[in-house]
A.B. asks: 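Let me begin by handing over the structure; questions about it come next.
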Amino acid sequence: MNVSFGRLSVALLFVLLTVVGCESHTAENNSAKSSQGFHQMVSEMDILYSPTKYSSKRDILFIIDSLYKELPHPTTEDLCNKYLLASQYSNDDPPRKMRYADSVIFLVRSKSLEKNLPHIYGKAYLFKGEALMRENKFNDAYRCYYEGIRIIQTTSDTFAFDHIYGDLGKVCYLQGDYLHASNYFKKSLDEETSYPKRRSRFINFQYRQRNMDNIGLCYDKLGMTDSAIYYYNMALNYINDHDIEFEDQNGARDFVEIARGVVYGNMGTTYYNKGDYKDAETLYSKSIGINTKKGYEIVDARLTQLKLADLYIKSARLKEANALLDTLRASFDTDALVVKEVKLQWYKLKSNYYDSVKSPEQAFTYLSTYLVQKDSEDAANKKLAGIDFSNVFEDINQENLLVALKREDDIRNLNNVIAIIFLTMIIGIAIFISRNNRQLKKLNAKIILQNKEMQQALDALEQSQRENTRMMEIMAHDLRDPLGAIKSMAGILLEDQENEQTQKEFLSLIETSSTSLLEMITDMLSANITEESMKKEAVDMKVLLQYCVDLLKFKATNKNQNIKLHAEEITLDTDREKIWRVVSNLVTNALKFSPDSSSIEVEMHNKQGVVQISVKDDGIGIPNELKGKIFDVLANTKKRTGTQGERSFGLGLSISKQIVEALGGKIWFESTEGEGTVFYVEFSDSMIVN
């Protein structure tokens with residue numbers, strides 16, 4: 001089995017081994033120099049040669065992050081390349097892989113670098129497509145692949161297409177379309193040959209030998225054994241001709257040996273299919289001897305051992321077959337890298353063995369286990385196999401064309417309607433003037449009146465514009481607090497690299513705050529929060545309140561304030577993000593309008609048939625003239641500042657009132673100017689989840 005397909009049949013997932021940054025472009029001053037330094041450091045890391053030497057992907061991601069920090073003047077391009085490399089080594093965690101890819105897309109868009117960094121931008125979509133594919137979200141995955149290919153095509157740099165051709169080949173291979181897969185791998189090989197100096201020698205070595213081996217795999221699946229052996233020999237000759245170049249690099253030297261072992265195993269399968277068991281056994285043994293070494297491709301070695309056991313059974317060497325199968329069975333409990341396919345094939349061969357020794361009952365037992373597990377795997381992969389990949393990109397392209405044509409048609413129709421209306425008005429006015437010449441003065445009076453009405457309309461538009469500007473100021477203000485918390489926690493994470501528990505807690509808080517930001521923006525765009533928009537679920541309110549308090553403690557430390565929480569164990573059927581927003585707004589206001597070294601008390605109790613949440617402060621209180629406007633989104637309260645001059649816009653309380661009422665509750669406050677304020681949120685106990 002090929003290196004890039006080392007775990008292919010385990011879960012039928014993509015493995016994009018694109019090395020990040022080999023051909024990225026500069027977009028900022030000194031970007032080229034800085035990026036070159038980052039790429040040079042990464043190229044010298046042995047994680048690119050032998051990542052299996054590391055105990056976990058976390059170690060690799062930590063090393064990548066450490067190297068990035070060594071850059072004297074990192075650029076946006078460097079940060080994007082760091083995220084892409086981290087995404088590459090997160091194949092076993094699709095959500096994390098997608099987050100890294102989305103971070104790159106966001107960075108490029110936010111700084112308007114789409115035209116400056118098209119290779120990086122395009123690769124981010126390819127990586128996101130892979131993550132979606134792993135989650136069986138095939139339609140979204142193909143759209144991301146389509147977008148990535150479209151972006152890279154705009155560069156007119158065909159060098160980038162060797163990666164794309166290789167990825168398309170893997171998709172076709174997964175679907176059993178081996179003819180198209182072989183053609184894609186050949187195109188990828190041709191692109192690499194055309195640009196031999198565009199990446200490092202070792203990376204070029206990796207891609208070329210892998211494509212040769214993949215072509216051999218495809219021909220073997222097509223039954224073209226002579227062609228398969230030809231490409232396997234081409235791969236081995238290429239490996240043998242270049243392995244001396246990497247003798248002084250431990251990780252690279254190990255990779256060369258692993259690659260040789262993989263090709264031996266694949267070639268052995270082709271000889272086995274030809275009926276040449278002797279040569280097949282020799283090649284299998286060579287492959288196993290290499291990849292059973294510590295830190296090598298143990299999964300490929302186990303699969304090759306299964307092939308050898310099958311050969312023993314077909315050759316009636318049953319004792320040897322049973323001994324090898326027993327050895328493999330023992331590895332299930334000791335080898336952490338044993339995958340489902342190894343176990344699945346083991347059950348099948350064990351059934352074949354007992355069938356060969358005339359033990360039908362035992363053979364049936366193992367065969368039944370094999371069939372149950374195989375049905376489960378087939379069901380998981382049926383969705384991918386049923387997709388007509390050869391036409392999916394064309395369908396997406398046609399959809400985009402239809403959307404563009406419809407948009408043009410709508411604009412054309414709108415222009416026609418406007419022209420007709422305008423022409424009708426002119427004709428009507430002309431007829432009216434010609435028939436009513438004596439009423440010209442009345443017409444002039446009407447025109448003056450219309451002008452006045454138009455001026456009023458313009459005044460109304462100006463007022464609307466002022467209100468929109470006000471809303472934008474409010475929105476920017478409310479976004480600052482969670483963004484500031486994220487920045488503070490990120491700074492602590494960067495300083496404290498030792499405490500893993502702290503990192504997990506802060507990352508969890510960062511994720512919660514980021515989700516809140518997205519929900520806030522969604523609320524602003526939707527203008528009004530309604531009961532139908534609520535996404536209710538069972539929410540542990542004590543845990544939610546604790547999360548909110550922990551997140552805002554960083555803000556409280558700026559004024560040496562203390563947030564106290566007293567809450568009962570209560571679970572409500574409510575919208576998690578919306579109720580979190582309400583509590584966060586109330587606590588933030590309490591911090592803002594309270595003096596230094598003061599305390600904020602947050603309480604939650606179930607009493608007298610209601611669940612009541614309260615936020616109490618000893619701050620400056622609310623003046624009588626503002627009490628009737630405190631929940632009004634457009635009330636002129638922006639001149640009211642916090643105890644340290646913090647600005648206040650009032651959007652948080654307006655949104656909080658909308659949320660609470662949409663959830664079926666009520667919100668009010670009690671306040672005495674100069675003494676403090678208590679905000680109350682109350683829900684019926686019918687919302688309690690037992």
Side-chain angles (χ1 to χ4, degrees), residues 1-3 5-13 15 52 92 173-174 176 217 220-221 258 261-273 277 280-382 385:
M1 190 170 291
N2 175 270
V3 174
F5 283 86
R7 296 169 177 81
L8 180 63
S9 54
V10 177
L12 293 180
L13 300 174
V15 183
T52 55
D92 55 348
Y173 188 95
L174 291 174
L217 278 171
D220 180 73
K221 292 291 186 180
I258 292 172
V262 169
V263 178
Y264 281 148
N266 292 339
M267 184 182 287
T269 300
T270 301
Y271 277 106
Y272 175 86
N273 292 335
Y277 293 171
E281 181 179 356
T282 299
L283 290 166
Y284 284 156
S285 298
K286 286 183 178 181
S287 177
I288 294 168
I290 292 173
N291 282 331
T292 50
K293 294 178 183 178
K294 184 177 180 180
Y296 279 37
E297 191 68 23
I298 188 63
V299 174
D300 184 82
R302 297 303 183 209
L303 292 171
T304 306
Q305 286 176 311
L306 287 170
K307 295 176 184 178
L308 183 58
D310 185 41
L311 185 150
Y312 286 155
I313 294 173
K314 293 289 178 63
S315 304
R317 296 159 63 179
L318 301 180
K319 289 184 178 181
E320 294 174 86
N322 193 43
L324 183 53
L325 289 173
D326 288 343
T327 300
L328 281 169
R329 178 63 185 85
S331 73
F332 290 1
D333 301 323
T334 60
D335 193 344
L337 293 176
V338 168
V339 292
K340 290 182 181 179
E341 186 181 357
V342 175
K343 296 181 180 180
L344 183 65
Q345 294 302 319
W346 184 88
Y347 282 113
K348 180 182 179 182
L349 290 177
K350 199 69 175 177
S351 173
N352 292 344
Y353 164 76
Y354 279 114
D355 185 58
S356 298
V357 297
K358 311 302 182 186
S359 297
E361 292 184 0
Q362 290 176 296
F364 178 76
T365 299
Y366 284 102
L367 180 61
S368 298
T369 303
Y370 165 76
L371 291 175
V372 170
Q373 296 189 13
K374 187 174 186 301
D375 287 343
S376 177
E377 288 294 313
D378 289 346
N381 300 317
K382 182 178 180 181

A.B. asks: Mind checking the CG-CZ spacing from Asn291 to Arg302? Nearest 0.5 Å is all I need.
C.D. replies: 11.0 Å

A.B. asks: Residues two or more places apart in sequence or in another chain: which of them pass ring-ring contact (aromatic ring centres under 6.0 Å, His included) with Tyr354?
C.D. replies: Tyr366

A.B. asks: What is the distance from atom OG1 of Thr369 to atom NZ of Lys343, rounded to the nearest 0.5 Å?
C.D. replies: 13.0 Å

A.B. asks: Begin from the C-alpha positions of Leu344 and Tyr370 and carry the test side chain to side chain contact (heavy atoms under 4.5 Å, CB included) through to its verdict.
C.D. replies: CA-CA 6 Å; Leu344 183 65; Tyr370 165 76; 3.6 Å; yes

A.B. asks: Taking only residues two or more places apart in sequence, or in another chain, which ones meet Tyr284 in a side-chain hydrogen bond (donor to acceptor under 3.5 Å, both in side chains)?
C.D. replies: Thr269

A.B. asks: Counting only N and O atoms by type, is there a donor-acceptor contact under 3.5 Å from the side chain of Trp346 to the main-chain atoms of Leu306?
C.D. replies: no

A.B. asks: Over all heavy atoms of both residues, which pair between Ile288 and Thr292 is shortest? Give the atoms and the distance, please.
C.D. replies: O-OG1, 2.6 Å

A.B. asks: Taking all atoms of both residues into account, what is the closest heavy-atom pair of Tyr173 and Lys221, and its distance?
C.D. replies: OH-CE, 3.4 Å

A.B. asks: Residues in ring-ring contact (aromatic ring centres under 6.0 Å, His included) with Tyr277, at least two apart?
C.D. replies: Tyr272

A.B. asks: Tell me, please, which residues at least two apart from Glu281 pass side-chain hydrogen bond (donor to acceptor under 3.5 Å, both in side chains).
C.D. replies: Arg317

A.B. asks: Could you report the tightest heavy-atom contact between Gly268 and Ala280, atom names first, then the distance?
C.D. replies: O-CB, 3.3 Å

A.B. asks: Listed by chain and number, what are the side-chain hydrogen bond (donor to acceptor under 3.5 Å, both in side chains) partners of Asp326, not counting sequence neighbours?
C.D. replies: Lys350

A.B. asks: Give every residue pair that meets the side chain to side chain donor-acceptor pair (under 3.5 Å) criterion with at least one member in residues 356-365, sequence neighbours excluded.
C.D. replies: none

A.B. asks: Could you tell me whether the side chain of Ser351 and the main chain of Tyr347 form a donor-acceptor pair under 3.5 Å?
C.D. replies: no

A.B. asks: Under the side-chain hydrogen bond (donor to acceptor under 3.5 Å, both in side chains) rule, collect the residues that match up with Thr270, sequence neighbours excluded.
C.D. replies: Asp220

A.B. asks: How long is the gap from CG on Leu283 to CG on Leu308, to the nearest 0.5 Å?
C.D. replies: 11.0 Å

A.B. asks: Rounded to the nearest 0.5 Å, how far apart are CD1 of Ile290 and CD1 of Ile258?
C.D. replies: 9.5 Å

A.B. asks: Quick one: CG on Asp300 to CD on Gln305, what's the gap to the nearest 0.5 Å?
C.D. replies: 10.0 Å

A.B. asks: Calculate, to the nearest 0.5 Å, the distance between atoms CG and CG belonging to Leu325 and Leu318 respectively.
C.D. replies: 10.5 Å

A.B. asks: Ignoring hydrogens, what is the shortest heavy-atom contact between Ala321 and Ala309? Give both atom names and the distance.
C.D. replies: CB-O, 3.8 Å

